[in-house]
Amino acid sequence: MIVAIDGPSGSGKSSVAREIARRCGLTYLDTGAMYRSVALACLRRGVDPEDAETVAETARTVRIEFLPDGDGQRVLVDGDEATAQIRTPEVELAVSPVSANPEVRETMVAIQRDFGARGDIVAEGRDIGTVVFPGADVKVFLSASPEARARRRAVQRQGGNLATGEDMAVDADAERAILADLVRRDDYDSSREASPLRPADDAHRIDSSELSFEQVVDAIIGLSPELAERAEGRRP
Ligand code: DC
């Protein structure tokens, strides 16, 4: 079974996809982490993220590994620890041109399809329902207002738990900076030529601005009898 969850930065798709994977016994695939890993490999190897040919070569030769780690996962890039490094502002800047590179996308999509061919997965990203798995069993396009998304990121960066701590006070300047960066990345991801962010025609659209984390997870599981059965433990 393949569950595809797409949406803009900060829509909550990573936490939601991870929870669906846990409750329904699916393997979680974070495709954003793959593009971030290529961007990190470029920075480590001294490759200019705008140098399309060398970036494409980096994508073809980099080794990206996901290792289960408690409730989350560790990421190794070329055998070296990269879990925290792929979330730094430097990588966040480099990842836009890297993920807009059609040859990089071709390489990543092939790996993602191979992953899907080997088991039941929930994959999240920008083009999962449109390009990677157009025949996915369940497709969701998860969005939220830019303000709601910026707030969640700010809570997350201050160490808050999105499932329980959405009311925590956040630094207003930090929240403003996050909002500006989200809007910049949304524009870039939606207007690029290669696989722009857009909902698949047959995707279920969910706006999570006014929904709790649990409500979003339950709404997605409720879309599919197979997911509901898995969550009830009938199909572990
Ligand atoms: O979801 P994220 O913020 O970790 O994604 C990091 C970057 O990778 C983001 O700028 C969009 C891009 N991306 C993409 O182009 N296609 C995907 N399937 C996933 C992420």
Side-chain angles (χ1 to χ4, degrees), residues 2-18 21 28-43 49-50 52 55-56 58-59 62 64 66 72-75 77 82-116 121-134 136 139-144 146 149-150 152-154 156-157 162 177-200 203 208:
I2 293 188
V3 178
I5 303 183
D6 290 302
S9 318
S11 57
K13 49 184 199 315
S14 299
S15 341
V16 164
R18 217 175 296 132
Y28 167 59
L29 179 62
D30 177 356
T31 65
M34 296 174 67
Y35 290 98
R36 288 170 181 268
S37 296
V38 176
L40 178 65
C42 290
L43 298 179
E50 305 280 351
V55 171
T58 305
V62 69
I64 305 170
F66 293 122
Q73 60 184 11
R74 281 174 60 213
V75 181
V77 173
T83 315
Q85 287 94 323
I86 61 167
R87 310 279 163 199
T88 58
E90 291 76 20
V91 166
E92 216 119 89
L93 264 185
V95 74
S96 290
V98 165
S99 62
N101 182 316
E103 285 184 68
V104 171
R105 302 202 71 84
E106 203 178 302
T107 305
M108 294 299 118
V109 168
I111 298 171
Q112 292 156 16
R113 288 189 179 142
D114 191 49
F115 201 83
I121 66 167
V122 48
E124 55 110 338
R126 304 292 189 291
D127 60 342
I128 309 300
T130 50
V131 175
V132 186
F133 297 116
K139 290 187 193 178
V140 173
F141 192 83
L142 189 61
S143 62
R149 292 187 282 127
R152 287 182 195 151
R153 271 280 149 93
Q156 218 168 18
R157 291 237 174 113
L162 291 186
I178 291 171
L179 177 60
D181 185 57
L182 279 181
V183 170
R184 176 191 68 78
R185 286 210 285 151
D186 284 356
D187 284 349
Y188 200 104
D189 294 343
S190 312
S191 60
R192 70 182 178 210
E193 241 170 73
S195 309
L197 172 68
R198 66 167 182 84
S208 70

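Remember, it's 1-based here, ligands and their atoms both numbered in the order they're listed. Residues take their numbers from the sequence shown, with the count starting at 1. Excluded from the calculations below are hydrogen atoms, water molecules and symmetry mates; all remaining heavy atoms, backbone and side chain alike, are included.
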Which atoms form the tightest heavy-atom contact between [X] and [Y], and what is the distance?
{"X": "Ser99", "Y": "Tyr35", "result": "CB-CD2, 3.7 Å"}
{"X": "Ala52", "Y": "Asn101", "result": "O-ND2, 3.0 Å"}
{"X": "Pro49", "Y": "Val98", "result": "CB-CG2, 4.2 Å"}

Is there a polar contact, in the sense of an N or O pair closer than 3.5 Å, between [X] and ligand 1?
{"X": "Thr31", "answer": "yes"}
{"X": "Arg192", "answer": "yes"}
{"X": "Arg105", "answer": "yes"}

For this session: Take Val109 and Arg113, measure what side-chain contact (heavy atoms from CB on, under 4.5 Å) needs, and give me the verdict at the end.
Result: CA-CA 6 Å; Val109 168; Arg113 288 189 179 142; 3.5 Å; yes
Between [X] and ligand 1, which residue portion shows a heavy-atom distance shorter than 4.0 Å: side chain, backbone, both, or neither?
{"X": "Asp189", "answer": "side chain"}
{"X": "Met108", "answer": "neither"}
{"X": "Met34", "answer": "neither"}

For this session: Could you check Arg149 against Asp186 for side-chain contact (heavy atoms from CB on, under 4.5 Å), going step by step and ending with a plain yes or no?
Result: CA-CA 11 Å; Arg149 292 187 282 127; Asp186 284 356; 2.6 Å; yes
For this session: Go through the structure and list residues passing side-chain hydrogen bond (donor to acceptor under 3.5 Å, both in side chains) with Ser9, not counting sequence neighbours.
Result: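 side-chain hydrogen bond (donor to acceptor under 3.5 Å, both in side chains) list for Ser9, sorted by chain: Arg126.
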What are the atoms of ligand 1, with element, lying closer than 4.0 Å to any heavy atom of [X]?
{"X": "Ser99", "answer": "12 (C), 15 (O)"}
{"X": "Lys13", "answer": "1 (O)"}
{"X": "Val95", "answer": "7 (C), 8 (O), 10 (O)"}

Exercise. Taking side chain as C-beta onward, heavy atoms only, is Arg87 less than 4.5 Å from Glu92?
Worked result: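 No - every pair of side-chain heavy atoms lies 4.5 Å or more apart.
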For this session: Answer whether the closest heavy-atom distance between the side chains of Ile121 and Tyr28 falls below 4.5 Å.
Result: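 No, too far: nothing below the 4.5 Å cut-off.
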Exercise. Hey, is Glu92 one of the residues with a heavy atom under 4.0 angstrom from ligand 1?
Worked result: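 Judged by the 4.0 Å heavy-atom criterion, Glu92 does not count as contacting ligand 1.
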Exercise. With respect to atom 18 (N) of ligand 1, which of Asp127, Asp186, Leu93 exhibits the smallest heavy-atom separation?
Worked result: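 It is Asp127 that holds the nearest heavy atom.
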Problem set entry | For atom 4 (O) of ligand 1, the option (of Arg126, Arg36, Arg153) bearing the nearest heavy atom |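 Of the listed residues, Arg36 has the closest heavy atom.
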Exercise. Step by step, would you call Asp181 with Arg153 a salt bridge (charged side-chain N to carboxylate O under 4.0 Å, His left out)?
Worked result: CA-CA 11 Å; Asp181 185 57; Arg153 271 280 149 93; over 6 Å; no
Exercise. Among protein heavy atoms, which sits nearest to atom 10 (O) of ligand 1, and what does the distance come to when rounded to 0.1 Å?
Worked result: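 Protein heavy atom at minimum distance: Arg185 NH1, 3.5 Å.
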